[in-house]
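Data block below; observations after.
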Amino acid sequence: MAKLTLARRLTYDIASNWKNVVDNFLECYHCHVAHKDFVSLVDMSTYKVTTYGIYSSHMAQAGQTENSAYDVSGATVTEHAVWWLWPNTCLLRYPGRGNFMVLQIIPDGPERTREIWDFYLETAEPNEAESDSIRYIDEVLQVEDIALVESVQRGMRTPAFTQGKIVYDPDGSGLSEHAVHHFHGLVLDAYRHDLDRK
């Protein structure tokens with residue numbers, strides 16, 4: 001990591017509460033339906049989510065066949081790895097050349113969130129495959145996820161909303177929402193701690 005350099009920054013303004021954005025990030029239950037290119041990039045049968053004290057990890061091997069997201073034929077990094085750190089920072093490594101990304105999910109009001117993605121690469125200028133991967137994140141993956149979280153935010157404003165059920169897989173696969181449940185517990189603990197101080 002010490003040899004990587006900041007190569008790109010992407011920013012987004014999202015019409016959703018920051019907690020909805022984190023919820024969406026912490027599970028891949030929605031991936032097969034919402035992110036067809038992503039599920040071709042990684043081997044979803046190896047996708048594993050593990051929760052810890054104030055963070056969770058999300059790991060999967062890169063897919064073994066051609067994918068529709070971006071070219072990883074010359075990849076030196078062959079594992080998709082994500083670490084979410086309480087409350088709003090995500091560290092990511094996608095298949096490809098040596099890379100590291102930092103995603104900040106920043107509350108900007110009750111129904112607004114700013115996101116900042118910093119891409120650290122081996123060189124200050126991305127190579128062709130990295131440019132394709134950044135374009136994929138910016139023009140495909142983020143577009144899909146932002147549409148989802150903004151739709152959830154609109155749905156939460158309706159009188160029909162109470163709360164949803166958590167989908168749980170005891171094996172910790174990407175089809176489980178146990179990391180969402182873990183995050184909700186940390187939010188509740190933070191609220192309780194704040195009330196105890198008053």
Side-chain angles (χ1 to χ4, degrees), residues 1-14 21-50 55-85 88-105 113-151 169 171-176 179:
M1 274 184 42
K3 296 179 180 176
L4 300 180
T5 187
L6 180 62
R8 284 288 183 278
R9 169 171 279 185
L10 301 175
T11 59
Y12 305 92
D13 180 40
I14 304 170
V21 176
V22 173
D23 277 357
N24 181 72
F25 190 85
L26 291 179
E27 51 81 14
C28 216
Y29 180 70
H30 69 282
C31 290
H32 288 280
V33 174
H35 304 309
K36 63 180 178 58
D37 300 308
F38 177 79
V39 299
S40 77
L41 175 65
V42 302
D43 179 355
M44 292 302 291
S45 70
T46 67
Y47 202 108
K48 181 90 171 161
V49 180
T50 309
Y55 73 100
S56 58
S57 66
H58 309 248
M59 307 290 184
Q61 292 299 312
Q64 300 300 311
T65 58
E66 239 182 89
N67 73 81
S68 57
Y70 60 90
D71 181 21
V72 293
S73 56
T76 53
V77 173
T78 58
E79 187 177 50
H80 166 75
V82 174
W83 298 269
W84 168 79
L85 310 175
N88 61 341
T89 301
C90 307
L91 310 174
L92 309 94
R93 186 182 68 194
Y94 272 24
R97 195 168 63 143
N99 70 88
F100 195 75
M101 293 169 274
V102 179
L103 167 60
Q104 298 173 72
I105 300 169
T113 300
R114 283 186 304 118
E115 279 191 350
I116 300 172
W117 282 71
D118 287 326
F119 293 78
Y120 294 88
L121 306 173
E122 292 180 17
T123 55
E125 279 303 313
N127 65 20
E128 186 177 350
E130 289 164 342
S131 292
D132 286 344
S133 72
I134 293 168
R135 190 176 314 108
Y136 162 70
I137 289 170
D138 184 37
E139 297 177 6
V140 178
L141 191 62
Q142 279 294 93
V143 170
E144 292 166 345
D145 272 332
I146 289 170
L148 286 172
V149 298
E150 290 184 342
S151 175
D169 173 6
D171 292 330
S173 76
L175 300 179
S176 182

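Because only heavy atoms are used, hydrogens play no part in the values below, and waters and symmetry mates are left out as well, while side chains stay in.
Atom CD in Glu130 sits 7.0 Å away from atom CG in Asn99 (nearest 0.5 Å). To the nearest 0.5 Å, atom CG of residue Leu141 and atom OH of residue Tyr136 are 4.0 Å apart. One finds the CH2 atom of Trp117 at 9.0 Å from the CD1 atom of Ile105 (value rounded to the nearest 0.5 Å). Lys36 contributes atom NZ, which lies 5.0 Å from atom OG of Ser68 (distance to the nearest 0.5 angstrom). Here the OG atom belonging to Ser131 is positioned 12.5 Å from the OH atom belonging to Tyr70, to the nearest 0.5 angstrom. In this structure, Phe100 CZ and Tyr94 OH are separated by 13.0 Å, a value rounded to the nearest 0.5 Å.
Listed by first and then second residue, the salt bridge (Lys or Arg N to Asp or Glu O under 4.0 Å) pairs that reach into residues 60-79 are Glu79-Arg93, sequence neighbours excluded.
Between Pro95 and His80 the shortest side-chain heavy-atom distance falls below 4.5 Å. Inter-residue side-chain proximity for Leu6 and Phe119 is flagged as unmet; no heavy-atom pair is nearer than 4.5 Å. Residues Asp37 and Asn67 fail the side-chain proximity criterion, which asks for heavy atoms closer than 4.5 Å. Looking at Leu103 and Thr89, their side chains never come closer than 4.5 Å, going by heavy atoms from C-beta outward. Using a 4.5 Å cut-off on side-chain heavy atoms (C-beta onward), Ile14 and Glu115 make contact. When side chains are defined from C-beta on, Ile137 counts as touching Met101, because their heavy atoms get closer than 4.5 Å. Residues Glu122 and Lys3 fail the side-chain proximity criterion, which asks for heavy atoms closer than 4.5 Å. By the 4.5 Å heavy-atom criterion applied to side chains, Pro126 and Leu121 are counted as neighbours.
Val49 and Gly174 make their closest contact through CG2-CA, 4.3 Å (heavy atoms, listed as atom of the first residue, atom of the second, distance). Counting all heavy atoms, side chain and backbone alike, Met59 lies closest to Val82 at SD-N, 4.4 Å. Taking every heavy atom of both residues into account, Thr78 and Gln61 meet most closely at O-OE1, 3.5 Å. Here the closest heavy-atom approach between residue Gly98 and residue Leu4 is recorded as O-CD2, 3.8 Å.
Annotation: disulfide (SG to SG under 2.5 Å) contacts of Cys31 (sequence neighbours excluded): Cys28. For Glu139, there are no salt bridge (Lys or Arg N to Asp or Glu O under 4.0 Å) partners two or more places apart in sequence or in a different chain. With sequence neighbours excluded, the residues that form a side chain to side chain contact (heavy atoms under 4.5 Å, CB included) with Ala75 are Val72. Applying the salt bridge (Lys or Arg N to Asp or Glu O under 4.0 Å) criterion to Glu144, with sequence neighbours excluded, gives no partner residue. Among residues two or more places apart in sequence or in another chain, the side chain to side chain contact (heavy atoms under 4.5 Å, CB included) test is passed with Ser56 by Leu26, Thr51, His58, Trp84, Ala179. Applying the side chain to side chain contact (heavy atoms under 4.5 Å, CB included) test to Ile116 and every residue at least two apart in sequence or in another chain returns Arg9, Thr11, Gln104, Ile106, Arg114, Asp118. Taking His32 as the reference, nothing meets the ring-ring contact (aromatic ring centres under 6.0 Å, His included) condition, with sequence neighbours excluded. When the salt bridge (Lys or Arg N to Asp or Glu O under 4.0 Å) test is applied to Arg8, the partners found at least two apart in sequence or on another chain are Glu125. With sequence neighbours excluded, no residue satisfies salt bridge (Lys or Arg N to Asp or Glu O under 4.0 Å) with Asp43. Residues passing the ring-ring contact (aromatic ring centres under 6.0 Å, His included) test with Phe25: none are found, sequence neighbours excluded. Taking the ring-ring contact (aromatic ring centres under 6.0 Å, His included) definition, one finds that Tyr29 meets it with nothing, sequence neighbours left out.
Within the 3.5 Å criterion, the main-chain N or O of Thr123 finds no donor-acceptor partner in the side chain of Thr5. Although no hydrogens or angles enter the test, the distance criterion places no donor-acceptor pair under 3.5 Å between the side chain of Glu150 and the main chain of Ala147. Looking at Ser176, its side chain does come within 3.5 Å of a backbone N or O of Asp169 through a donor-acceptor pair.
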| query | Yes or no on side-chain contact (heavy atoms from CB on, under 4.5 Å) for His35 and Asp145, after CA distance, side-chain angles and deciding distance? | reply | CA-CA 9 Å; His35 304 309; Asp145 272 332; 2.8 Å; yes
| said: Using the rule given for side-chain contact (heavy atoms from CB on, under 4.5 Å), can you reason through Leu148 versus His30, listing the C-alpha separation, both sets of side-chain angles and the distance that settles it, and then say yes or no? | reply: CA-CA 10 Å; Leu148 286 172; His30 69 282; 3.5 Å; yes
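Asp138 and Arg135 are not joined by a salt bridge, as no carboxylate oxygen comes within less than 4.0 angstrom of a charged side-chain nitrogen.
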